[in-house]
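Scroll down for the structure; my scribbles are underneath it.
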Amino acid sequence: MSAVERIRIDRYEPTAIEPRWQQRWAELGLYDTDLADTTRPKFYLLTMYPYTSGNIHIGHWYAKTPTDAIARFHRMQGENVFFPIGFDSFGLPAENAAIKNKIHPREWTLNNIDNMRRQLRSMGTTFDWNSEVVTCDPTYYRWNQWIFLRFLEAGLAYRASSPVDWCPNDGTLAREQVEGADRHCWRCGARVEKRELDQWYLRTTKYADELLDFSGIEWPEPIRIMQTNWIGRSEGAEVVFTTARDAHQPGGDELRVFTTRPDTLYGATFMVMSPEHPLVSKLTHPDRAAEVEAYVTAAGRETEIERMSTEREKTGVFTGSYAINPVNEERIPIWIADYVLAGYGTGAIMAVPAHDERDFAFAQKFGLPIRRVIAGPEISYKDVAAPLEAAYVSHDSKDRMVNSGPHSGQPARDGFTSIVATLENQSRGKAAVNYRLRDWLISRQRYWGTPIPVIYCDADGIVPVPDDQLPVQLPETVDYAGRGENPLKTDTSFVDTTCPKCGGPARRETDTMDTFIDSSWYWFRYLSPADADAPVDRRIEARWCPVDQYTGGAEHAVMHLLYARFFTKAMADLGLVHEREPFKRLFNQGQILGADGERMSKSRGNVEDPDKLVSRYGADTVRLFLMFMGPWDQGGPWSPTGIGGISRFLHRVWTAALDPHGIEAGDPESGVLPAGQDSAAAEKALRAAAHRTLRVVSDEYAELRFNTMVAHLMELSNLLMRYRGTEAAGSAAWNEAVLLLLLMLAPAAPHITEELWARLAEARGEESGADAKSSIHSQPWPAVDDAAAAESEREVPVQVNGKLRDKVMVPVGIAESELERVVLARPKIVAALEGRVPLKVIHAGGKLVNVVVR
RNA sequence: GCCGACGUGGCGGAACUGGCAUACGCGCUCGACUCAAAAUCGAGUGGCCGUGAGGUCAUGCGGGUUCAACUCCCGCCGUCGGCACCA
């Protein structure tokens, strides 16, 4: 090949190629899914829709482009792939930007969406844009309202007054939106306080047990554990204590407690109520009223002041009242302390200081009695009365009950059931289950969200907005007086309305819904985004749900991913959908951190803008680089070091495909076959390598192991380059290897492969790029030729006492005795044996030989 | 504190059910091409000892099981994520 001829080969210039193909694919409608097509198996692939913050950053690329490779891979497998995208577009940032920049949240959001659409397209992703969903659009949020009304009818939505977490800036928060030991707001970081408010809830607890059941879905173990812990099911008993008659009050009130250790009931030496407990004022002795009142007031403020440490000293006050223990009629004092939570169990506990660390600390501080009622196997009868130095918290099967009246001596395990049975006989308690999970508080005092469709009428109370008046639209012009105040509240044109029942004057609810409502069912809406009659088209849903593969970050473990499961179950019970689980398979990609190892955020200034990388290297290089970085579920700090290696790889693919005969200057070896190989052997080696690569790469795509997939494609391209310029280059085997390489690379690097596919077709004199069928992305995934991939010889490592001493080439399928004979004759092995006689020879299925000597 | 993930060259990482530790890539060193540089191509690249063949140590640390351990078991240390007194 002359130098002149080589120069005529076009250079690989991604920025020239990529926009052209993106446009061509859109024109051909290559990725518009026909949901009615039943001739192929369906594959619903979902990636978490982005929040409309304005910019697509490298983290979005890390989440979306490997997911796109999954979509392309499944299409090549012959499946009908549905891969939609949309925008999570309600929420605080839009509102904050509006306040700051004096721009309407809608305008801010829609501008951002325009920019993000452009950026998403530049990735070369195959989203079906026809099914796009934008949650701040009335055509979407009217169905939030409609579903809410169905929940209301079914008793799954209700209004209640209770102490809620309140952020001074952002208003009420769901419990999972309060973070850290100091209880700060997940959005603004301000300290959260408790407020007693009337708010709307969804009855998530109704599904607590079903949500614990993960059978039939393939989710990562850590997420299942997190959800399980979050739901926090515990089995125990509810025990009814009765207040004792006293000078200041008649007694006889029931004080219910939940305990997981009914076997310790004889060890209850006092009781504790939460400061918010309804019986607090009734049970407080007049002499103690001032002290108790002060404590309760302080506790209300508690959460907003220092609460950094769980090691914090226990605090509390005595009410002056006593309760009767149902099993031994013992009279024990009732205290109030903030370590007992109002929202869990009954808001009151029986304190067993001998066997609970918290109760122990409290008893020590206030000098309350501590009585051992459970003894471990090492405790002798004599030691039972000895003072404890710490709470004995144990579930040892050898534990036995002591100081427990008729139950003394019984194994503690049996005590659980026998005490519950005793209580049940006397109607003073029963077996009970408690959950840590609470109902979902959805009211938000914000403008930029879905208005809750109810009306308050003085005559008729809470009146749902009739379906035919939906959507309740957000007013267009609003006055942003300032932060923390919902502008809907002061907008009389919105608030003032008439009662749908009596026609009298009435007020609209001004709270809007938590934005997690939007993402709790959006994948259903993708299937029929324009349907004006129903939120979900049940016929399409029946065919396409559940989502086959969902990808997104693990940070949504106990919020979005739990809410989505709840919604699906609730909607199924309402007959709106068929499936009870939303996402069959879930994969959590890791998180890309800033170069400083911290979470990427605008405030830290460590956000990586992919646009300049794309303009320098091209989208294909950025896609491959992100896949090559490491296992997809791992993420890690961002560093562009090494992206040049990916760029070089794609240049080599380009060269191998278009210029098989070139010889690199300065390389004395190039153009020469490896020693001992003729061109037939070289061609055989090429085919074998290509088909073996195909075998592993197919698995790696299916298992989402993109980093090793890229590595294996690099190995194949390195091999091709080794044979470039030799007699084998340009042979049938070479061409086959090149085409296989392009097909295997196509899902990951769609533009360069499409370009080379088209050029090679043209070189063969075929039409290319004219229709959807000729695209590389419409080709079937190739089949492995097992005969070509098979190897005739194998290199077997040989060890002596587990240490590598030699390697031998032997025919595949060699008999063990023959292999042993060959091995023992090897000079290196003879030397290593030093005359010793082998005790044993391990063959390890022909993969390795280990000669064991003493 | 409880729950979970992870710890391998200078760096990102590979080794799937115990079987050649360090694939692939980055970086670095040397060489070719060049007046020179960039780009590209080639060779080398875990530590230590040795001119060499080779030996020896090494997958966070300490033990153990095994012919054989990055992989399994026990006990520590460290990093990251989740939970936050849930009775």
For A:Ile225, which contact category applies under a 4.0 Å heavy-atom criterion: base, sugar-phosphate, or nothing?
sugar-phosphate
Using a cut-off of 4.0 Å on non-hydrogen atoms, how would the nucleic acid contact of A:Arg224 be classed: base, sugar-phosphate, or nothing?
nothing
Plane angle bin for A:Tyr563 and A:Phe516 - parallel if under 30°, tilted between 30 and 60°, otherwise perpendicular:
tilted
For A:Glu389, I'd like to know if atom CD has over 12 heavy atoms of other residues, nucleotides or ligands within 6.0 Å.
no
Separation of A:Gln589 atom CD from B:A5 atom P, in whole Å?
19 Å
A:Glu357 vs A:Gly642, nearer the 5' end of RNA chain B by closest nucleotide:
A:Glu357
N-glycosidic conformation, B:G44 - syn within 90 degrees of 0, else anti:
anti
With both distances under 3.5 angstrom, what nucleotide forms a Watson-Crick or G-U wobble pair with B:A58?
none
Quantified in whole Å, what is the C1' atom distance between nucleotide B:A14 and nucleotide B:G50?
31 Å
Closest to the side chain of A:Gln799, out of B:C57, B:C20, B:G25, is B:C20
On RNA chain B, compare the nucleotides closest to A:Asn434 and A:Val710; which residue's is nearer the 5' end?
A:Val710
When you compare B:C74 with B:A5, how far apart are their P atoms, in angstrom units rounded to a whole number?
14 Å
Do A:Tyr295 side-chain atoms and A:Asp338 backbone N/O form a donor-acceptor pair below 3.5 Å?
yes
Is A:Val798 touching bases, backbone alone, or none of the nucleic acid, heavy atoms closer than 4.0 Å?
nothing
Whether A:Lys803 contacts B:C67 is assessed here as follows: a side-chain N or O lying under 4.0 Å from the phosphate OP1 or OP2. Is that the case?
no
What is the distance, to the nearest angstrom, from the CE atom on A:Met629 to the C1' atom on B:G25?
13 Å
From C-beta outward on A:Thr708, which listed nucleotide comes closest to its side chain: B:C24, B:A15, B:C67?
B:A15
Ordered by number, residues from residues 264-275 of chain A within less than 4.0 Å of RNA chain B (heavy atoms) are none
Interatomic distance at C1', B:C67 relative to B:G62, whole Å
24 Å
Whole Å only: how far is the CD1 atom of A:Ile646 from the P atom of B:C11?
20 Å
Determine whether a donor-acceptor pair (one donor, one acceptor, N or O, separation below 3.5 Å) exists between the side chain of A:Lys847 and the base of B:C20.
no
So what does A:Asp359 hit on the nucleic acid, given a heavy-atom distance under 4.0 Å: a base, only sugar-phosphate, or nothing?
nothing
Can you identify which nucleotide, out of B:A87, B:C85, B:G82, has its nearest atom closest to the A:Asp356 side chain?
B:A87
Grab the CG-P distance between A:Leu437 and B:C83 for me, whole Å please.
14 Å
Output the rounded distance in Å from CH2 (A:Trp638) to P (B:G13).
13 Å
Going by purine N1 to pyrimidine N3 plus the second Watson-Crick contact, or the G-U wobble pair, all under 3.5 Å, which nucleotide sits opposite B:A38?
none
Given B:C26, B:C85, B:A84, identify the nucleotide with an atom nearest to the side chain of A:Arg436.
B:A84
Compare the minimum distances between each of B:C85, B:A87, B:C57 and the side chain of A:Thr260, then state the nucleotide with the smallest one.
B:A87
How far, in whole Å, is B:A23 from B:C73 if one measures between their P atoms?
28 Å
Are any of A:Arg648's side-chain N or O atoms less than 4.0 Å away from OP1 or OP2 of B:G25?
no
Pairwise C1' distance, B:U59 and B:G78 [rounded to whole Å]:
16 Å
Taking the side chain as every heavy atom from C-beta outward, state whether A:Leu613 and A:Thr621 have any atom pair closer than 4.5 Å.
no
Under 4.0 Å, heavy atoms only, any strand: does A:Ser234 hit a base, just the sugar-phosphate, or nothing?
sugar-phosphate
Taking a pair to mean Watson-Crick or G-U wobble geometry with both distances below 3.5 Å, B:C70 pairs with none
Does A:Lys807 get its side chain close enough to the base of B:C20, under 3.5 Å, for a donor-acceptor pair?
yes
May I have the distance from A:Leu650 (atom CG) to B:U40 (atom C1'), rounded to whole angstrom?
16 Å
Nearest whole Å is fine: how far is B:G82 P from A:Asn229 CG?
14 Å
Please check if any side-chain donor atom of A:Thr204 sits under 3.5 Å from a side-chain acceptor atom of A:Tyr435, or the reverse.
no
I need the CD1-P distance between A:Ile223 and B:G82, as an integer number of Å.
11 Å
Within 6.0 angstrom of A:Lys847 NZ, more than 12 heavy atoms from elsewhere
no
Candidate pair A:Glu13 and A:Arg11, rule salt bridge (charged side-chain N to carboxylate O under 4.0 Å, His left out), full reasoning
CA-CA 6 Å; A:Glu13 283 175 67; A:Arg11 275 185 57 81; 5.2 Å; no
Please state the P separation for the pair B:C16 and B:A69 - nearest whole angstrom.
16 Å
Does A:Gln634 reach a base, just sugar-phosphate, or nothing at all? Heavy atoms under 4.0 Å.
sugar-phosphate
Tell which nucleotide pairs with B:G12, taking only Watson-Crick or G-U wobble pairs whose two distances are both under 3.5 angstrom.
B:C24
Out of B:C24, B:C67, B:G55, minimum distance to the side chain of A:Val852 belongs to B:C67
Can you confirm whether A:Met350 sits close enough to A:Phe270 that some side-chain heavy atom of one is under 4.5 Å from a side-chain heavy atom of the other?
no
Are A:Phe362 and A:Trp335 an aromatic pair, judged by ring center distance below 6.0 Å?
yes
Of the listed nucleotides (B:C20, B:G4, B:G25), which one gets closest to any side-chain atom of A:Arg652?
B:G25
Compare all side-chain heavy atoms of A:Leu658 with those of A:Asp10 and state whether any distance is below 4.5 angstrom.
no
Can you identify which nucleotide, out of B:A14, B:C24, B:C85, has its nearest atom closest to the A:Ala711 side chain?
B:C24
Side-chain atoms of A:Phe258 come closest, of B:C83, B:A87, B:C20, to B:A87
For A:Asn707, which contact category applies under a 4.0 Å heavy-atom criterion: base, sugar-phosphate, or nothing?
sugar-phosphate
State whether A:Asp356 and A:Arg261 are salt-bridged, where the test is any N-O pair (Lys NZ or Arg NE/NH1/NH2 against Asp/Glu carboxylate O) under 4.0 Å.
no
Write down the distance separating the P atoms in B:C11 and B:C28, rounded off to the nearest Å.
15 Å
Remember a base hit wins even if backbone is also touched, and classify A:Asn850 as base, sugar-phosphate or nothing at under 4.0 Å, heavy atoms.
base
It should be established whether A:Arg705 places a side-chain nitrogen or oxygen under 4.0 Å from OP1 or OP2 of nucleotide B:C24.
no
side-chain contact (heavy atoms from CB on, under 4.5 Å) for A:Thr259 and A:Glu238? Distances and angles first, verdict last.
CA-CA 6 Å; A:Thr259 177; A:Glu238 197 173 284; over 6 Å; no
Output the single nucleotide from B:A23, B:A21, B:C85 whose closest atom is nearest the side chain of A:Leu804.
B:A21
Assign A:Arg805 to base, sugar-phosphate, or nothing according to its heavy-atom contacts below 4.0 angstrom with the strands shown.
sugar-phosphate
C1'-based separation of B:A21 from B:C30 [nearest Å]:
27 Å
